[in-house]
Amino acid sequence: MKRIAIFSIILLLSFSMVFAAGAQEGKKKFIGLAMPETHVERWQMDGAALKNAAIALGYDAEVAYGDADQTKQNAQVSDFITKGANLLIIGSINNGVVSAVADARRDGVEVIAYDRLIMDTDQYDYYITFDNFKVGQFQGKAIVEALDLAHATTAKPKHITLFAGSPTDNNAFYFFDGAMSELRPYVEKGVLKIVGPAPLQSSDTANFTRIATENWRADLAKQRMENLLNGDAKNYYLDAVLAPNDTLARAIIEALLTDAKYINNIPVVTGQDGEVASIKFIRDGKQAMTVFKDTRDLAAAAIVLADAILKGETPNIPGARLDTQTYNTGKKYIKSYLLEPVNVTKDNYIEVMVDSGYYTADQLR
Ligand code: BGC
């Protein structure tokens, strides 16, 4: 009798433990992570880092990649909402995302715009990114220094050609304007000549469109560089090419290396993201620099922000600067948390990219 009593107590206890665990499981909040694409390497790192950070803070999380197709991403977002997501972190593709953001708001699901501002809507409140203007400034400064523009003359000007990122990505405008804030004074002095379309700022829409690269597609950048080499740039030696990110930089470098003029005399080409293949190019002297935006930091910061929002607390994001005056969707200013990008060259790539554990020494072999 006694044994039976103990047995049933144990049975009862384990039942209630299973039940409690189940209830706790059921209570876990769910964060949907919608990333824009995989053809640019960083987003795979973002996706993985976001998921890990969310799970580490006790959330359920799932990642979906939109393959640069907004219709596909909207379906993924809608799937997250159906599955009961409490919050969405969205790295968007283009303006088509606004309907998904409106659906989220209607269902009481919070949205954080991740890395890329979501435009033309007032249906969300938070944005987390790196200082995008500063990314461009690093690129511009690298060119100013490498070409020693401070000492260039109008008698012997330097030549540059300009590339920008996707016109569907608000960041592309910031990168370009940051870079031109450094380069423009030299263009105006006549010591730096732009070969090809020559917008001095992104608001010169007609010319900006000519240098922009739809959906950050490497094949389009390569094609455009080839066309320039056979056209506008045929009778010049290009000292530099402003490239907005590493994926496009390598495509541009590939095109340059098919031209005998550049094989042993590669122009200064900028980049962004610290992609492994570009770090190798930097080490080998093919690419001048990159701007590293540690996806581990951005992901961790985004999840800390998500956690605060879900708990109704005031966000306090270590390493991020709150800016409420810069990023406007066209409908309202968004509370933006900005992290600091890092300039990477041959001199510091080991320290920044390897010593920090982002890549192993083996990956760079
Ligand atoms: C990101 C860059 C990335 C580019 C292409 C931008 O929005 O900020 O890091 O290289 O998209 O994916």
Side-chain angles (χ1 to χ4, degrees), residues 33-50 63 65-70 73 89-97 112-119 127-139 163-179 202 211-222 242-252 269-279 281 287 289-299 301-302 320 326-327 329 334 336-344 352-353 358:
L33 307 164
M35 296 292 105
E37 62 210 27
T38 53
H39 76 273
V40 174
E41 193 176 284
R42 65 159 290 183
W43 299 109
Q44 301 184 41
M45 318 269 261
D46 289 285
L50 281 163
V63 193
Y65 293 97
D67 297 331
D69 174 349
Q70 193 61 59
Q73 186 177 64
I89 294 182
I90 305 180
S92 60
I93 296 149
N94 61 44
N95 281 12
V97 73
I112 299 175
Y114 184 80
D115 193 80
R116 299 173 174 175
L117 189 70
I118 295 172
M119 302 298 289
Y127 177 39
I128 190 152
T129 191
F130 282 85
D131 185 333
N132 294 308
F133 191 80
K134 198 163 190 177
V135 169
Q137 283 180 304
F138 278 142
Q139 295 169 339
F163 281 73
S166 183
T168 56
D169 178 350
N170 183 60
N171 286 348
F173 302 89
Y174 278 86
F175 301 148
F176 184 72
D177 288 332
S202 62
I211 66 158
T213 313
E214 195 72 26
N215 277 335
W216 298 92
R217 273 174 53 191
D219 58 324
L220 296 179
K222 186 169 179 217
L242 175 68
N245 79 351
D246 287 348
T247 305
L248 303 189
R250 291 196 308 280
I252 289 163
V269 182
T270 56
Q272 166 178 200
D273 289 339
E275 289 190 355
V276 73
S278 281
I279 297 297
F281 269 29
Q287 188 176 318
M289 58 84 74
T290 187
V291 183
F292 179 49
K293 305 188 299 185
D294 196 325
T295 52
R296 297 169 301 187
D297 293 345
L298 186 62
T326 303
Y327 289 98
T329 68
I334 300 288
S336 306
Y337 294 87
L338 307 185
L339 277 71
E340 284 295 306
V342 179
N343 190 46
V344 178
V352 180
M353 309 300 307
Y358 202 73

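Counting starts at 1 for both ligands and their atoms, following the listed order.
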List, pair by pair, the atoms of ligand 1 and of the protein that are both N or O and lie under 3.5 Å apart, giving the separation rounded to 0.1 Å.
{"from": "ligand 1", "atom 1": "7 (O)", "to": "Asp115", "atom 2": "OD2", "distance (Å)": "3.3"}
{"from": "ligand 1", "atom 1": "7 (O)", "to": "Arg116", "atom 2": "NE", "distance (Å)": "2.8"}
{"from": "ligand 1", "atom 1": "7 (O)", "to": "Asp169", "atom 2": "OD2", "distance (Å)": "2.6"}
{"from": "ligand 1", "atom 1": "7 (O)", "to": "Asn171", "atom 2": "ND2", "distance (Å)": "3.0"}
{"from": "ligand 1", "atom 1": "8 (O)", "to": "Asp115", "atom 2": "OD2", "distance (Å)": "2.6"}
{"from": "ligand 1", "atom 1": "8 (O)", "to": "Asn171", "atom 2": "ND2", "distance (Å)": "3.2"}
{"from": "ligand 1", "atom 1": "8 (O)", "to": "Lys293", "atom 2": "NZ", "distance (Å)": "2.8"}
{"from": "ligand 1", "atom 1": "9 (O)", "to": "Arg42", "atom 2": "NH1", "distance (Å)": "2.8"}
{"from": "ligand 1", "atom 1": "9 (O)", "to": "Asp273", "atom 2": "OD1", "distance (Å)": "2.7"}
{"from": "ligand 1", "atom 1": "9 (O)", "to": "Lys293", "atom 2": "NZ", "distance (Å)": "3.1"}
{"from": "ligand 1", "atom 1": "10 (O)", "to": "Asn245", "atom 2": "ND2", "distance (Å)": "2.9"}
{"from": "ligand 1", "atom 1": "10 (O)", "to": "Asp273", "atom 2": "OD2", "distance (Å)": "2.6"}
{"from": "ligand 1", "atom 1": "11 (O)", "to": "Arg116", "atom 2": "NH2", "distance (Å)": "2.9"}
{"from": "ligand 1", "atom 1": "11 (O)", "to": "Asp169", "atom 2": "OD2", "distance (Å)": "3.4"}
{"from": "ligand 1", "atom 1": "12 (O)", "to": "Glu37", "atom 2": "OE2", "distance (Å)": "2.6"}
{"from": "ligand 1", "atom 1": "12 (O)", "to": "Trp43", "atom 2": "NE1", "distance (Å)": "2.8"}
{"from": "ligand 1", "atom 1": "12 (O)", "to": "Arg116", "atom 2": "NH2", "distance (Å)": "3.2"}

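Taking the six-membered ring where tryptophan is involved, the planes of Tyr327 and Tyr174 are tilted, since the angle between them lies from 30° to 60°.
In this view, Asn170 satisfies the side chain to side chain donor-acceptor pair (under 3.5 Å) rule with no residue, not counting sequence neighbours. Under the rule for a side chain to side chain donor-acceptor pair (under 3.5 Å), the partners of Gln70 that lie at least two apart in sequence or sit in another chain are Gln73, Asn74. Every residue two or more places apart in sequence or in another chain was checked for a ring pair (Phe, Tyr, Trp, His ring centres under 6.0 Å) with Phe130, and none qualifies.
Taking every heavy atom of both residues into account, Pro341 and Lys293 meet most closely at CB-CG, 4.3 Å.
Between Glu37 and Arg116 there is a salt bridge, with a side-chain nitrogen of the basic residue lying less than 4.0 Å from a carboxylate oxygen of the acidic one.
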